[in-house]
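Below is one structure, written out as structure tokens; comments come after it.
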Amino acid sequence: MLDQKLIRENPTFVEENLSLRGKVFDITSLHKLTLKKKEIDIEISNLQSESKKLSKIIGQEIRNSNNSNSRDLNALKEKGNNYRIKISKFEEKKRTLDEKLQDEISRLPNFPSNDAPYGEDESKNKEIKVWGDPLRKDNLKTHWELGENLNLFDFTKTTKISKSRFITLTGNGARLERALINFMLDVHSNNGYLELIPPALINSESLKGSGQLPKFSNESFKCDKDDLWLSPTAEVPLTAFHKDEIIDPKLLPLKYVAYSPCFRREAGSYGRDTKGLIRLHQFNKVELYWFSDPKKSLEAHKEITNDAESILKKLDLPYRLVDICTGDLGFSSSRTFDLEVWLPSSKCYREISSCSNCLDFQARRSSIRTKIDKKTSYIHTLNGSGLAIGRTMAAILENGQQTDGSVKIPEALVPYFGSTFIKTA
RNA sequence: GGAGAGGUGGCUGAGUGGUUGAAAGCGGCUCCCUGCUAAGGAGUUACAGGAGGUAACUUUUGUCGAGGGUUCGAAUCCCUCCCUCUCCGCCA
């Protein structure tokens with residue numbers, strides 16, 4: 001969430017910064033609301049001040065005299081009553097105003113960083129570096145062909161259980177999934193991250209706190225009866241983990257690694273990636289998350305990206321690092337580095353991790369602060385997948401495929417998986 | 001699901017209608033003193049928003065789970081909701 005004071009005092013600045021996202025933002029009406037709110041606040045505050053003084057006088061009068069029902073006293077009480085009526089009228093106005101204001105303001109995305117490449121859409125994303133040798137051959141199999149041949153998963157049977165875009169992992173597939181989760185958790189927790197497994201069902205407040213609500217209610221599954229949602233990413237429960245806290249600066253940065261299943265409705269992507277492990281309603285992910293000193297988040301952003309990258313290196317998967325342009329940034333992010341893994345069957349790089357610096361955007365929504373030099377300030381939050389498990393599996397299958405149809409397991413994963421190849425039984 | 005208890009500052013925990021934004025303790029910070037098992041003393045220490053000042057700061061309003069209500073005045077009384085805990089039941 002953006003700072004309300006900034007919107008009130010410098011709406012042009014806010015509009016200009018938001019418009020870096022490649023479309024026009026008009027906050028005229030919101031700006032008016034903030035001014036109106038301030039007006040009402042001052043009015044209420046003045047009335048309350050006077051009413052409070054009067055109450056003190058009445059209190060003293062009652063203690064000093066023994067007649068609690070004198071004419072003077074009743075006149076004073078009458079006066080106080082008038083204050084109360086006036087105040088409650090203003091408060092009602094304030095309530096409706098506040099609701100509107102809060103809703104509008106929480107629909108505004110974060111400011112893009114000035115360091116992010118400028119552009120309206122993903123075509124302006126900037127490739128920063130490329131790692132590894134991308135496998136380029138003809139007649140390569142897709143990961144779903146490989147997976148089905150090797151009996152790693154079963155999409156057909158899964159539609160009986162739920163519907164399309166879900167998967168049942170079987171045998172070595174299930175084993176590979178588990179190996180990847182354990183491998184990633186081990187790497188990160190040995191690297192200073194505290195391991196967490198958050199709940200998969202989370203409340204609306206949590207989703208507001210990280211930026212998924214109110215604007216993107218259509219993208220998550222909801223359990224209506226309980227006001228609970230299926231978590232779309234561990235970023236949400238991780239942000240909420242420290243909601244309403246003032247964190248001791250000595251503890252910063254707090255670094256968490258969380259394994260969680262993720263659930264996404266994928267509304268609006270009906271035609272895309274209908275096959276395979278790339279786009280499912282449910283997938284597993286190991287997420288990295290930092291609560292950082294606000295002055296150190298730029299450095300933190302490099303580190304978290306680096307930590308996510310280390311998994312790809314260890315798994316020997318070719319990838320590239322992309323600097324996401326202003327128009328392609330996620331709602332809460334000010335700057336994002338995507339890691340994209342090479343998928344030889346489609347001859348392209350696909351996102352496997354998105355590492356974002358949200359600055360104080362989520363911290364303000366969730367009220368997470370620290371105290372530096374006697375001043376409380378919002379901390380900065382950063383998140384990055386480290387990595388998405390399903391897409392990693394797809395990459396391992398496609399990049400590790402052998403001419404005989406078997407798949408070579410990356411060396412680092414062998415101790416976790418238990419063998420060096422996946423072969424047909 | 002049934003019965004009960006409770007939600008107060010960074011934490012523990014007093015407080016049942018009138019200088020209570022809140023005793024006390026712990027913790028934190030600052031200063032002082034002392035030097036045989038590192039202890040003692042003094043002070044200070046919530047958050048958010050206004051107004052005023054370049055600023056240190058001053059002043060004002062709100063906040064005792066959330067939201068309503070009663071009252072001149074609410075942490076304290078009433079209503080609704082949320083959450084936590086204990087016991088019983090059920091269950092991985």
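Below, all heavy atoms of this structure are taken into account, side chains as well, without hydrogens, waters or symmetry copies.
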Complement of [N], any strand, by Watson-Crick or G-U distances under 3.5 angstrom:
| N | answer |
| --- | --- |
| B/rA24 | B/rU12 |
| B/rU19 | none |
| B/rA38 | none |
| B/rG4 | B/rC85 |
| B/rA92 | none |
| B/rC33 | none |
| B/rA56 | none |

| said: Quick check: do A/I389 and A/M184 have side-chain heavy atoms less than 4.5 Å from each other? | reply: yes
| task | For atom CD of A/E120, decide whether the heavy atoms of other residues, nucleotides or ligands shown that lie under 6.0 angstrom number more than 12. | result |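 No, CD of A/E120 has 12 or fewer neighbouring heavy atoms, counting only those of other groups under 6.0 Å.
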Could you state the [atom1]-[atom2] distance from [X] to [N], rounded to the nearest angstrom?
| X | N | atom1 | atom2 | value |
| --- | --- | --- | --- | --- |
| A/L101 | B/rG49 | CG | C1' | 13 Å |
| A/D227 | B/rC81 | CG | P | 16 Å |
| A/N203 | B/rA66 | CG | P | 16 Å |
| A/M1 | B/rA48 | CE | C1' | 13 Å |
| A/D244 | B/rG10 | CG | C1' | 14 Å |

| message | If you compare all heavy atoms of A/N191 against all heavy atoms of A/K255, which two are closest, and at what distance to 0.1 Å? | response |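 Smallest heavy-atom distance, with atoms named: O-NZ, 3.8 Å.
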| field | Nearest atoms (heavy-atom pairs only) where A/D186 meets A/Y416 | value |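 Looks like OD2-OH, 2.6 Å.
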Between [N] and [M], how many Å separate the two [atom1] atoms, rounded to a whole number?
| N | M | atom1 | answer |
| --- | --- | --- | --- |
| B/rG65 | B/rC83 | C1' | 7 Å |
| B/rG13 | B/rG18 | P | 25 Å |
| B/rA51 | B/rA56 | P | 16 Å |
| B/rU59 | B/rA23 | C1' | 27 Å |
| B/rG49 | B/rU86 | P | 38 Å |

| message | Between A/F183 and A/F417, does the ring pair (Phe, Tyr, Trp, His ring centres under 6.0 Å) criterion hold? Intermediate values first, please. | response | CA-CA 9 Å; A/F183 166 69; A/F417 181 69; over 10 Å; no
Polar pairs (N or O, both sides) under 3.5 Å between protein and nucleotides 67-72 of chain B?
residue, atom, partner, partner atom, Å
B/rG68, OP1, A/R95, NE, 2.7
B/rU71, OP2, A/R84, NH1, 3.3
B/rU71, OP2, A/R84, NH2, 3.3
B/rC72, OP2, A/R84, NH2, 3.1
B/rC72, O4', A/K77, O, 3.3
B/rC72, O2', A/S55, OG, 3.2

Distances under 3.5 Å between protein N/O atoms and the N/O atoms of nucleotides 74-80 of chain B, please, pair by pair.
none

| Between A/R364 and A/D360, is there a side-chain N and carboxylate O pair less than 4.0 Å apart? |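 Counted as a salt bridge, because a side-chain N and a carboxylate O are separated by less than 4.0 Å.
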Residues in side-chain contact (heavy atoms from CB on, under 4.5 Å) contact with [X], at least two apart in sequence or another chain:
| X | value |
| --- | --- |
| A/K23 | A/F25 |
| A/E245 | A/H242, A/I247 |
| A/R369 | A/I246, A/S367, A/Y378 |

Protein and nucleotides 50-52 of chain B: nitrogen or oxygen contacts under 3.5 angstrom:
residue, atom, partner, partner atom, Å
B/rG50, OP1, A/R8, NH2, 2.6
B/rA51, OP1, A/K38, NZ, 2.5

| request: Measure the acute angle between the ring planes of A/F291 and A/Y289, then classify it against the limits of 30° and 60° as parallel, tilted or perpendicular. | output: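 Answer is tilted, since the angle falls between 30° and 60°.
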